[in-house]
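Note sheet for the following structure.
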Amino acid sequence: MKKIKRIGIITAGGDSPGLNAAIRGVGKAALGSYGMEIVGFRDGFRGLAEDLRMRLDKRALAGILTIGGTILGTGRDKPHKMDVEGERRDMTNVIARNYKKHKLDALVCIGGGGTHKNALQLVQKGLNIITLPKTIDNDIAMTDASIGFDTALGIATDAVDRLHSTAHSHHRIVVAEIMGHRAGWLALGAGIAGGADVILIPEIPYDVKAVAAAIRRRSRLGTNFSIVAVAEGAMSKHDAAEFAAAERRKARAKNKRDRQRAKAELSVLYARHSGNTLRLAKQLEELTRLEARVTILGYVQRGGTPSAGDRLLATRLGTMCVELINEKVFGVMVAARGDGAKPVPISEVAGKLKQVPPDHSWIESARRVGTCLGY
Ligand code: F6P
């Protein structure tokens, strides 16, 4: 079989610290160790569809290890449903044509859950795809870790640390909303590391009365402040039951009309849920008679310099990726396994969500130090 000469690379989905370290890891190994050429495409899958290229020579790769974001740009476009000139189009054939036009032997897609679903579509079109896991949410299946999580964990922990002194000084409840989409890794990790008094995650629907009782108990024992670390996807038992019922209706829908109705119902629930943290703070204020304030950490968690852990992970996975390309191993994600890396089929990653298992050691540890987990 012919030697691998030219590879393409994109970053897709939400940005995260460590993407540039991954681009550098892939690029330096490809250019230096294997004599391959590397072509960057801008803004995720859109760059492939619109042929927006970026030269990735030694010079372009120099000095990017420590820089946040991605020099390639990113986007949430889907190859099969892309908005082009005001219309939604399937661009997978255009992407396949551009892949051939540039004589690519492989394409590296660095991304999270959505990127893996999109990458699978291109695998099915016959393209040689290899992916790297990145997301601050840490929710990608089949990998121990994903690029960006370690940095975001540090940022969120620092925020929880800092909120302690102001909550303590004012005898307030401070509710800190932490990202993570539908997984609680970031809120749980930062909550434990930052010593939050209450941690609420999507995997454990909460009872607001139990949370208020835990806060009142602290007050009775003389501590008139509390830090509540709440994952953006956390929900009350009542809301979780409503979501589950709507999901069941969607799964059972027998025709298009019923499916659309169930989808519309879910959209209403998601829209209502977006104000959940503010509502939670209000409820806690009423139930405890303590003042409550909200801090939404938001995009701060995705920005800035990657941690040493993320630089290391990105370099490990990025360089291993080129080794696999050189061996012509395609259709796989380079998963982190302990200190090593292992290729796993993209088909086993796409469409799956890695949530915090109920018996995870972090949950046990939080319980053992007396943290309220919402029940
Ligand atoms: O997946 C990373 C993430 O930051 C999630 O934690 C969050 O729910 C989402 O992206 C926000 O997406 P966007 O950048 O599209 O607003």
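Numbering starts at 1 and runs along the sequence shown. Remember, it's 1-based here, ligands and their atoms both numbered in the order they're listed. Since the structure is predicted, the reported quantities are computational estimates derived from the model, not experimental observations. FYI, side chains are in, hydrogens and waters are out, and symmetry mates aren't considered; it's all heavy atoms of this structure.
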Check for me whether G112 has a heavy atom closer than 4.0 Å to any atom of ligand 1. no
Select one of side chain, backbone, both or neither to describe which atoms of R76 lie under 4.0 Å from any atom of ligand 1, heavy atoms only. side chain
If you scan protein heavy atoms around atom 16 (O) of ligand 1, the nearest is Y299 OH, 2.5 Å
Evaluating non-hydrogen atoms only, which member of M179, R182, E232 is closest to atom 8 (O) of ligand 1? E232
When you check the gap from the basic side-chain N to the acidic O, do K209 and D207 get nearer than 4.0 Å? no
From atom 4 (O) of ligand 1, work out which of H181, K134, R302 has a heavy atom at the shortest distance. R302
Ion pair D258/R252, N-O distance below 4.0 Å: no
Is T223 reaching over with its side chain to a backbone N or O of F225, donor-acceptor style, under 3.5 angstrom? no
protein heavy-atom neighbour closest to atom 6 (O) of ligand 1 works out as D137 OD1, 2.7 Å
D83 bridged to R88 by N-O distance under 4.0 Å: yes
Taking only Lys NZ, Arg NE, NH1 and NH2, and the carboxylate oxygens of Asp or Glu, determine whether R302 and D15 approach each other closer than 4.0 Å. yes
Short N-O contact, E364 and R368, less than 4.0 angstrom: yes
Counting from 1, what ligand 1 atoms have a heavy atom of G180 closer than 4.0 Å? 6 (O)
